[in-house]
A.B. asks: 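Once you've had a glance at the structure underneath, I'll fire off some questions.
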Amino acid sequence: MSEERAERLSAHEVAAWLRRHPKFLSQFPDLTLSLVVPREDGPAASLASYQLEVLRDKNRELNRRLAELFANAQENERLTVRTHQLALSLMRAGSAADTVLAMVASLGEDFQGDAVRVVLFDEQPGLQAPWLQVIAARDKRMAPFKDCVTSGEPICGRLNPDKMELLFGDDQSQAQSVALIPVPNVGLIAVGSRDGNRFFPGMGTLFLRLMAESFAAALARFPKH
């Protein structure tokens, strides 16, 4: 009678029982070798082979994640060093004009920006350059940047045409993707790249905010005229 009942056990019942007794196969190791596991992408395999394959897949995924974490850690280390060097360079500048020049030079060289543009709310004596515009914060031309300036949060990716026109004019090919950095009470900095994927929505902006804060602090040393 018990044998007949055993024959009537459903696959779900067997699976449920095995889940409650995960060490069952360790008591009957011969079953591990005789059970067959069908696969969608190839012939059937023994349970032992299947388990080994699953472990290998997990190991490959773990190695991939570790490599990704290591690469991110290296990149963050490089960015930390560059941001620190930028802060030192800004603090060594002897005037507001030199501070702005140091910022632009670092973004172009150390951070490999293909096109750097600066918008200042106040004019800085002795500073004129093709990449610089002086536009008052309340100027209507700043309307497209209102949200960015108010929030203080950098924007990364492809900018709207109205922003691109003001910042890059005829050089928009140099800015297929852009990091737009608001500087509190100072203005805006835009770093353009020919690579459309260099700056993208959702990327981390911590280092951009740190650079903006360093720039604002360095400029604050000099009185406004």
Side-chain angles (χ1 to χ4, degrees), residues 60-91 99-121 129 131-133 135 137 141-219:
R60 282 192 288 266
E61 177 62 17
L62 286 174
N63 286 335
R64 185 192 68 78
R65 292 184 181 181
L66 284 173
E68 187 176 288
L69 287 172
F70 182 70
N72 288 338
Q74 285 187 312
E75 178 62 19
N76 285 337
E77 182 178 355
R78 286 192 291 268
L79 286 172
T80 299
V81 171
R82 290 173 183 169
T83 303
H84 176 64
Q85 291 173 337
L86 169 61
L88 293 177
S89 177
L90 294 175
M91 297 308 292
T99 301
V100 178
L101 291 171
M103 184 72 174
V104 173
S106 179
L107 291 174
E109 298 170 10
D110 299 333
F111 293 90
Q112 301 176 341
D114 294 319
V116 180
R117 299 292 183 268
V118 177
V119 175
L120 296 179
F121 297 149
W131 41 260
L132 172 67
Q133 297 183 74
I135 306 175
R141 289 176 292 173
M142 294 301 298
F145 305 94
K146 180 180 179 181
D147 291 342
C148 179
V149 172
T150 301
S151 68
E153 287 294 324
I155 297 175
C156 296
R158 301 174 188 270
L159 300 183
N160 293 335
D162 52 355
K163 293 184 176 71
M164 290 294 294
E165 179 61 31
L166 178 71
L167 293 170
F168 297 99
D170 296 332
D171 295 328
Q172 296 184 27
S173 61
Q174 306 293 313
Q176 297 301 310
S177 64
V178 179
L180 182 62
I181 312 168
V183 184
N185 302 315
V186 173
L188 292 167
I189 298 174
V191 184
S193 173
R194 297 187 188 94
D195 181 357
N197 298 315
R198 169 77 183 282
F199 303 110
F200 54 90
M203 70 182 296
T205 58
L206 172 62
F207 290 102
L208 297 178
R209 294 199 304 272
L210 292 177
M211 287 187 285
E213 290 173 4
S214 296
F215 183 51
L219 280 177

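In what follows, every heavy atom counts, from backbone to side chain, and hydrogens, waters and symmetry copies are set aside. This chain uses plain numbering: 1 for the first residue, then up along the sequence. Everything numeric here is computed off the predicted structure, so don't read it as measured data.
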A.B. asks: Enumerate the side chain to side chain donor-acceptor pair (under 3.5 Å) contacts for residues 154-168, please, sequence neighbours excluded, ordered by first and then second residue.
C.D. replies: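 Passing the test, one end in residues 154-168: Glu165-Gln172.
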A.B. asks: Would you compute the distance between atom OG1 of Thr80 and atom CD of Gln85 and round it to the nearest 0.5 angstrom?
C.D. replies: 11.0 Å
A.B. asks: List for me each residue that meets side-chain hydrogen bond (donor to acceptor under 3.5 Å, both in side chains) alongside Gln174, sequence neighbours excluded, and say none if there are none.
C.D. replies: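 Checked Gln174 against side-chain hydrogen bond (donor to acceptor under 3.5 Å, both in side chains); matches are Arg194.
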A.B. asks: So how far is it from Leu90 CG to Met211 CE, rounded to the nearest 0.5 Å?
C.D. replies: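 Going from CG on Leu90 over to CE on Met211, the span is 10.5 Å.
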A.B. asks: Is Phe145 close to Leu167 at the side-chain level, that is, under 4.5 Å between some pair of heavy atoms?
C.D. replies: yes
A.B. asks: Please give me the minimum heavy-atom distance between Gly157 and Pro201, naming the atom from each residue.
C.D. replies: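 For Gly157 and Pro201, the tightest heavy-atom pair comes out as CA-CD, 3.9 Å.
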A.B. asks: If I compare all heavy atoms of Leu166 with all of Met142, which pair ends up nearest, and what's the gap?
C.D. replies: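 Nearest pair, atom of Leu166 first, then Met142: CD2-SD, 4.5 Å.
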A.B. asks: Determine the minimum heavy-atom distance between Leu188 and Pro182, stating which atoms define it.
C.D. replies: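 Scanning both residues completely, I find the closest heavy atoms to be CD2-CA, 3.7 Å.
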A.B. asks: If you measure from CG on Asp114 to CG on Leu107, what distance do you get to the nearest 0.5 Å?
C.D. replies: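 It is 12.0 Å, given to the nearest 0.5 Å.
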A.B. asks: Does CD belonging to Glu75 count more than 12 external heavy atoms closer than 6.0 Å?
C.D. replies: yes
A.B. asks: Salt bridge check, Arg65 against Glu61: does any charged N sit closer than 4.0 Å to a carboxylate O?
C.D. replies: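 Between Arg65 and Glu61 there is a salt bridge, with a charged N closer than 4.0 Å to a carboxylate O.
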A.B. asks: Do the side chains of Leu120 and Val118 get nearer than 4.5 Å, heavy atoms only?
C.D. replies: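 They are in contact (side-chain heavy atoms under 4.5 Å apart), so the answer is yes.
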A.B. asks: Looking at OG of Ser151 and NZ of Lys146, how far apart are the two atoms once the value is rounded to the nearest 0.5 Å?
C.D. replies: 12.0 Å
A.B. asks: Is any side-chain heavy atom of Phe121 closer than 4.5 Å to one of Ile135?
C.D. replies: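 They are not in contact (no side-chain heavy atoms under 4.5 Å apart), so the answer is no.
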A.B. asks: Looking at side-chain heavy atoms only, is the closest gap between Glu213 and Val183 below 4.5 Å?
C.D. replies: no
A.B. asks: Leu208 versus Phe111: any side-chain heavy-atom pair under 4.5 Å?
C.D. replies: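 No, side chains not in contact.
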A.B. asks: Rounded at 0.5 Å granularity, tell me how far CG in Leu219 sits from CG in Asn185.
C.D. replies: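 The CG atom of Asn185 is 11.0 Å from CG of Leu219, to the nearest 0.5 Å.
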A.B. asks: How close do Phe207 and Thr83 get, heavy atom to heavy atom, and via which atoms?
C.D. replies: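 Distance-wise, the nearest heavy atoms are CD2-OG1, 3.4 Å.
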A.B. asks: Hey, are the side chains of Phe199 and Val191 touching, using non-hydrogen atoms and a 4.5 Å cut-off?
C.D. replies: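 They are in contact (side-chain heavy atoms under 4.5 Å apart), so the answer is yes.
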A.B. asks: Is there side-chain contact between Ile189 and Val119, with heavy atoms separated by less than 4.5 Å?
C.D. replies: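 Contact flag for Ile189/Val119 side chains = no.
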A.B. asks: How long is the gap from CE on Met103 to CD1 on Ile181, to the nearest 0.5 Å?
C.D. replies: 5.5 Å
A.B. asks: Less than 4.5 Å apart, any side-chain heavy atom of Thr205 and any of Cys156?
C.D. replies: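 Sidechains of Cys156 and Thr205: in contact.
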A.B. asks: Taking all non-hydrogen atoms of both residues, which atom of Cys148 and which atom of Ile155 are closest, and how far apart?
C.D. replies: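 Closest approach of Cys148 to Ile155, heavy atoms only: CB-CD1, 3.8 Å.
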A.B. asks: Are Arg117 and Asp171 close enough for a salt bridge, meaning some N to O gap below 4.0 Å?
C.D. replies: yes
A.B. asks: Return the minimal non-hydrogen interatomic distance between Ala175 and Gly192, and the atom names on each side.
C.D. replies: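 Heavy atoms only, the tightest pair is CB-CA, 3.9 Å.
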A.B. asks: Is it the case that the side chain of Ser214 and the backbone of Leu210 share a donor-acceptor pair, with hydrogens and angles ignored and the cut-off at 3.5 Å?
C.D. replies: yes
